[in-house]
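The structure appears below as structure tokens.
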Amino acid sequence: MTDQEILQEVRTYIANTFLDGDSKGLDENTPLLQTGIVDSMGIMELLSFIRDRFSLDLPEEEVRPENLENLKVIVALVNRFKKS
Amino acid sequence: MTLLHQLVARQALRNPEAIAVRCQSDTLSYGQLDALANRIARWLEAQGVKPGDRVAVWLPKGGNTVAAMQGVLRIGAAYVPVDPLSPGARARIILEDCGVSAVITRAAWAEAALTDGLQAVPCLPIDEQFRGHQWSDLLALSAAPLPEPQRTIHDLAYILYTSGSTGRPKGVCISHLNALAFIEWAAVTVGATEHDRFSNHAPFHFDLSVLDLYAAFWCGGSVYLISEGGNYSPQGLVELIDREQLTVWYSVPSALILMMEHGGLLERAAASLRTVLFAGEPFPIKHLRRLREHWPDKRFLNLYGPTETNVCTAYEVDVLTDSQTAIPIGTATCGDLVWAVKDDGTHAGPGETGELLVTGPTVMLGYYGQPPQGDRPYPTGDIVRLEADGNYSYIGRRDHMVKIRGFRVELGEIESALLAHPDIHEAAVLVHGEGAAAKLVGFLSSPPERPERPSMVAIKQHCAGRLPRYMIVDQVRWCDSLPRTRNGKIDRLALANELNGDKP
């Protein structure tokens, strides 16, 4: 899966789950937490999604707000912890 | 009678080595906490802070934050905990509303917020230097206590800001007595001893945190501060119970449900844990039943009370029968009196419903800047039913205040924030769904001259600059104009019907 494909999938998921399907203005650098796009409960849903969808082996200590701050960071996280 | 800050001073004399506060990055003994609080009190005194003044403590959780709150009390002033996750604009409203004489915060936050009318407010920065002050200045000050200020238990101890219906947060003023009446009841009820380790899950600007901190200090036990990001990892929260050997857990039910569903709580014996307290919202009985059956030997207590009354009723959960559909909020505690009043003004009898009223030692002094509460009973706005066994059960609200994961939310405050957007003409916010699945839905219309609708990202960003995160709308529905009742008010019933899929 290319970075672009991962990005597209997560972007679509976030738009559908947290933005009522409206992805306008959501790019790879849009802050997700600071701007309230994803709240603390939403983070759980987002984590479950990326864990399941990309089969991540994500250690508990990596579950930090910094690792979910925007789409770019999430793509990097997926690449780092994808099961080989 | 003891004042709130004297609890720590007393334990520091008795057992200075004992641990008072722990968190991810910090451990403070009673001796260390006491010394740091005294230094902070001296710094505040040097800035001209006087007994009766207000001092904002605007910090993430940590040992220093607890010391700051203690330091403020030691000079006879009242502390105002400000949500570290709140946007600066909301923090400013709070600092201005109660006219703080000093702020203890991060340098970058002070830089952004202490401008214009707040320019001259002295600030003790916790991290970097700010306007000539820095945290290390405290080291030059004596750790010996200041002379005890002339304060009584009826004086203001702290102010908790809650969501206000008019669009501005309002400050609930709590006296030493208000807090201590609750803390003593709680400590005695859970049988607290110096061996206890309390969890602190709630943020400091939330009234649930009062029990954790002060019940620990009351008995000489310790409290573990769960960081603001702690909820991102329910598994981490579950592991914490064993790792820190917690004995008393207190949180909103949402957090416990999250720990059950995503953190593996139901696979743990949690042998150290003795008592589970919860408050802030109804605990859905199917979840509580699972937890209770998993841990049959632990005590479960449902505490109830708006910020204005601390905790005023409690219910100890016994065996849950199959026919039981909800957990009662219980009977009066802490020396308070509670009763329910029907629409016709008479007291509700067994089986009847009415609004719950509270009077007694835990009821607040009043809202900051408003006339004092005095001996008047506090109307909670909560509709309850008096059960045949004398317990009260929560039925619902009589106004537009809702709870989102235990946090109080006035829909009017969200609507005001939405209306501040130039492309939003009308706004009505409703809650859709219940418990952890509750969503805030905004019904919006555009101004006739600006028909371009802002994107969801733009709306959320706009709200995030004005509201705490739990108050940001999850969904919006655009209308040409909002439905109105015959007297011109927004027709919320019609909107609610639309949400529930009924076409009127």
Side-chain angles (χ1 to χ4, degrees), chain A residues 7-8 10-53 56-74 76-78 80-81, chain B residues 24 85-87 203 227-240 252 254-255 257-259 261-264 404-405 407 414 417 435-442 444 452-478:
Chain A
L7 183 92
Q8 257 336 310
V10 182
R11 183 167 184 261
T12 306
Y13 172 81
I14 290 176
N16 289 338
T17 315
F18 305 109
L19 295 169
D20 230 357
D22 177 6
S23 62
K24 202 167 66 183
L26 178 63
D27 62 41
E28 60 174 6
N29 295 314
T30 309
L32 299 174
L33 310 181
Q34 268 169 37
T35 53
I37 292 173
V38 180
D39 70 2
S40 60
M41 296 296 268
I43 286 178
M44 296 310 309
E45 297 174 44
L46 177 60
L47 272 170
S48 298
F49 169 77
I50 58 171
R51 268 191 173 124
D52 296 349
R53 176 62 191 85
L56 297 196
D57 224 344
L58 193 60
E60 211 43 40
E61 61 271 20
E62 293 294 327
V63 180
R64 291 195 308 259
E66 309 88 274
N67 280 338
L68 298 161
E69 191 39 61
N70 58 40
L71 283 168
K72 204 185 203 162
V73 172
I74 293 174
L77 186 77
V78 169
R80 254 189 309 146
F81 294 102
Chain B
Q24 206 168 7
L85 299 178
S86 252
S227 71
E228 282 76 10
N231 265 334
Y232 299 150
S233 172
Q235 200 182 322
L237 289 182
V238 171
E239 282 163 7
L240 194 70
V252 289
S254 302
I257 295 169
L258 210 60
M259 290 158 73
E261 305 218 308
H262 297 279
I404 298 290
R405 295 182 279 286
F407 287 102
I414 306 177
K439 301 269 182 222
L440 291 164
V441 183
L444 308 175
E452 185 75 19
R453 292 172 177 174
S455 70
M456 207 44 205
V457 169
I459 291 172
K460 285 202 171 197
Q461 278 179 335
H462 167 82
C463 291
R466 290 166 172 77
L467 298 170
R469 285 182 207 178
Y470 53 86
M471 287 172 70
I472 296 172
V473 286
D474 298 299
Q475 296 170 14
V476 299
R477 305 228 179 150
W478 288 94

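Lettering of chains follows the sequences in order, A, B, ..., and the numbering in each one begins at 1.
When every heavy atom of B/Ala464 is checked against every heavy atom of A/Gly36, the shortest pair comes out as CB-N, 4.1 Å.
Chain B forms the most heavy-atom pairs under 4.5 Å with one residue out of A/Ile37, A/Val63, A/Thr30, and that residue is A/Ile37. Put simply, of B/Arg469, B/Gln475, B/Gln235, B/His462, the one with the most heavy-atom pairs under 4.5 Å next to chain A is B/Gln235.
In the displayed structure, A/Gln8 atom CD is contacted under 6.0 Å by more than 12 heavy atoms of other residues, nucleotides or ligands. Counting non-hydrogen atoms of other residues, nucleotides and ligands closer than 6.0 Å to NZ of A/Lys72 gives a total of 12 or fewer. By the neighbour-count criterion of 12 heavy atoms within 6.0 Å, atom CD of A/Glu66 is densely surrounded, having more than that number from other residues, nucleotides or ligands.
Side chains of B/Glu228 and A/Pro65 form no contact here, defined as non-hydrogen atoms less than 4.5 Å apart.
At a 4.5 Å heavy-atom cutoff, the contact between A/Glu45 and chain B is made by side-chain atoms alone. Heavy atoms closer than 4.5 Å to chain A are found in the side chain of B/Leu258, but not in its backbone. Contacts of A/Thr17 with chain B are absent, with no heavy-atom separation under 4.5 Å from either backbone or side chain. Interface remark: A/Ile43 contributes side-chain atoms only to the contact with chain B (heavy atom separation under 4.5 Å). If you measure heavy-atom distances from A/Leu33 to chain B, the contacts under 4.5 Å come from both the backbone and the side chain.
Between the side chain of A/Asp20 and the backbone N or O of B/Val476 there is at least one donor-acceptor pair closer than 3.5 Å.
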* Kindly determine whether A/Leu26 and B/Met456 satisfy side-chain contact (heavy atoms from CB on, under 4.5 Å), including the steps that lead there. => CA-CA 9 Å; A/Leu26 178 63; B/Met456 207 44 205; over 6 Å; no
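Partner of B/Lys460 under the side chain to side chain contact (heavy atoms under 4.5 Å, CB included) criterion, chosen from A/Leu19, A/Thr35, A/Val38: A/Leu19.
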